[in-house]
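First the structure, in the form of structure tokens, and then the observations on it.
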Number of protein chains: 2
Amino acid sequence: MDYQSFCQQYQPSKKELFTQFYHFFKDKFSVKNERIAVEKLATIIEATFKLSANQSFANMSLRQLSKESGLSMGGLYAYIQNKQQLSLFIHEFLSYFVIKTINQVTNNKGCNNLECIIKTHIYLSELLQPWFFFAFMESKNLSRDEIKAAIQSDLLMESKLIEVIKCGQQEEIYSTILKAETVASLTKPLLSEWYLKRWKYKKRGMSIDQYCLAVMIFIERGLSSPHSLTELEQS
Amino acid sequence: MDYQSFCQQYQPSKKELFTQFYHFFKDKFSVKNERIAVEKLATIIEATFKLSANQSFANMSLRQLSKESGLSMGGLYAYIQNKQQLSLFIHEFLSYFVIKTINQVTNNKGCNNLECIIKTHIYLSELLQPWFFFAFMESKNLSRDEIKAAIQSDLLMESKLIEVIKCGQQEEIYSTILKAETVASLTKPLLSEWYLKRWKYKKRGMSIDQYCLAVMIFIERGLSSPHSLTELEQS
DNA sequence: AATAAAAAATCGAGCGTTCGCTCTATATTG
DNA sequence: CAATATAGAGCGAACGCTCGATTTTTTATT
């Protein structure tokens with residue numbers, strides 16, 4: 001599986017994505033016309049990502065947002081009840097969408113190896129990069145319960161990682177020096193790295209599939225050389 | 001070297017730290033009495049960390065800050081010219097302090113191996129955890145030039161990592177499958193992980209030296225088992 | 001197919017509040 | 001008693017948000 005084939009199967013169009021978004025929070029919007037709502041929601045959310053990336057969500061004013069998304073203040077408030085709900089919408093929908101996609105992928109193919117789980121997450125974070133970036137950087141606005149809900153996709157990911165690592169350890173493909181839980185915890189920031197520092201790898205000319213390959217090598221054998229490993233075995 | 005011995009040599013007392021802070025920006029403060037200034041600066045900066053961690057720097061009002069630090073609005077403004085300068089002070093001083101300490105450590109001992117560099121950074125980020133956390137999460141307030149200055153310590157760290165990895169590759173201790181630059185880029189988020197998710201490892205009962213050991217094993221050999229490596233060599 | 005009535009969607013000036021910040025009066029210090 | 005440090009009410013600006021007026025879209029009727 002490479003990024004291109006993943007896209008063909010799982011990449012939603014903008015319209016599809018925000019149609020799902022609309023239905024997920026349907027009763028919260030005063031706008032009943034789906035066609036209009038989906039279109040406006042897309043511009044609002046994308047404007048939110050743009051402004052938040054530049055100046056953070058807290059520093060973004062709703063006047064700026066209304067200007068950037070081409071709506072008036074009143075028009076904006078047909079889609080949100082208040083500012084912090086906008087942040088909540090993004091967190092909640094992303095968590096829902098990630099969980100859904102991960103379950104889809106792991107059910108469809110026999111996705112019970114480390115490479116598949118890791119690629120799925122990195123590919124997904126590429127498709128929804130602004131969402132992932134926002135969710136990581138703007139979690140301060142949430143209450144305790146809201147955080148708990150938004151973190152579910154993260155916990156699912158971690159449990160999937162632990163599962164396949166433990167499996168590999170039982171089959172003696174993987175070392176048991178480090179606990180599976182520890183390896184999973186150290187793997188996660190390698191996944192976040194891709195959507196947090198995307199400009200860095202773009203600048204460096206590293207493609208997403210090259211990055212995935214590097215991460216896989218890094219996790220599965222690190223810096224170990226044939227030479228150094230014989231020493232390790234002796235100790 | 002373990003954390004305790006690092007602390008004995010490099011941990012500054014609160015007073016020492018903020019005395020350095022005071023002198024670094026001396027001409028920017030209207031308060032001339034060092035004893036008073038150092039004490040007040042400590043409470044202001046620590047209050048900033050506390051409030052920013054809860055609600056982000058942007059959502060922190062200066063009225064909250066003055067209350068939390070026990071000063072009036074006027075008193076507060078004897079130490080800062082404006083709100084965003086407070087954020088800038090923290091970024092600039094941390095960068096200065098990190099560069100200074102890394103240079104100290106790498107000069108004192110022959111610190112030319114990966115373990116020493118990595119431990120130095122993790123230990124330092126433990127000593128100054130709120131500073132590192134703040135610098136990571138609150139970089140949006142800075143202008144382009146200010147970012148460029150604040151990022152210097154990061155670039156120094158990366159270049160040190162690349163240096164020792166290349167060295168290990170030349171000595172054939174380390175594999176050359178991944179470029180040293182790539183390994184360094186993947187190593188950095190493992191260092192950030194410690195100060196970004198510190199509660200997670202505290203909850204799990206993992207000490208800082210256990211974490212360092214895990215990171216070293218992860219980087220130097222990943223999940224490779226004796227069994228799997230013979231396969232790798234054949235391919 | 002044209003048109004009128006009803007419903008839905010949008011507008012934007014205006015409300016009360018809070019913000020960053022200032023400045024003079026007061027308290028503290030050497 | 002100077003010089004220094006702090007207090008906190010007050011300023012204009014910008015904030016989140018509301019709500020009656022207006023425009024756009026849908027529905028009903030000819």
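Hydrogens, waters and symmetry mates are skipped; everything else that's a heavy atom, side chains included, is used. Chain A is the first sequence line, chain B the second, and so forth, proteins listed ahead of strands; every chain is numbered from 1.
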Please identify each residue that fulfils salt bridge (charged side-chain N to carboxylate O under 4.0 Å, His left out) with B:Glu126, with sequence neighbours left out. B:Arg198
Salt bridge (charged side-chain N to carboxylate O under 4.0 Å, His left out) filter on A:Glu146, not counting sequence neighbours, yields none
Taking DNA chain C as the partner, which of residues 26-37 of chain A come within under 4.0 angstrom of it by heavy atom? A:Ser30, A:Val31, A:Lys32, A:Asn33, A:Ile36
With a 4.0 Å cut-off (strictly under) to non-hydrogen atoms of chain A, the first and last hit nts on DNA chain D, 5' to 3', are D:dC15 to D:dT26
Name the atoms and distances for all side-chain donor-acceptor pairs under 3.5 Å in residues 38-46 of chain B, with sequence neighbours left out.
| unit_1 | atom_1 | unit_2 | atom_2 | d |
| --- | --- | --- | --- | --- |
| B:Thr43 | OG1 | B:Lys40 | O | 2.8 |
| B:Glu46 | OE1 | B:Lys14 | NZ | 3.3 |

For B:Cys111, check disulfide bond (SG atoms under 2.5 Å apart) against everything at least two apart and list the hits. B:Cys116
Please enumerate all residues that pass salt bridge (charged side-chain N to carboxylate O under 4.0 Å, His left out) together with A:Lys26, with sequence neighbours excluded. none
Under 4.0 Å between any heavy atoms, over every strand shown, what does B:Leu76 touch: base, sugar-phosphate, or nothing? Just pick one. nothing
Generate the contact string for nucleotides 16-23 of chain C. Rules: B means base contact, S means sugar-phosphate contact only, - means no protein heavy atom under 4.0 Å. ---BBBBB
Residue set satisfying salt bridge (charged side-chain N to carboxylate O under 4.0 Å, His left out) with A:Glu16, at least two apart, ordered chain then number -> none
Can you list everything that forms a side-chain contact (heavy atoms from CB on, under 4.5 Å) with A:Ser207? Sequence neighbours excluded, please. A:Asp209, A:Gln210
With B:Thr187 via side chain to side chain donor-acceptor pair (under 3.5 Å) - residues at least two apart: none
Does a side-chain N-to-carboxylate-O contact under 4.0 Å join A:Glu68 and A:Arg63? no
Pairs satisfying ring pair (Phe, Tyr, Trp, His ring centres under 6.0 Å), at least one member in residues 43-78 of chain B, at least two apart: B:Phe49-B:Trp131, B:Phe49-B:Phe134, B:Phe57-B:Phe134
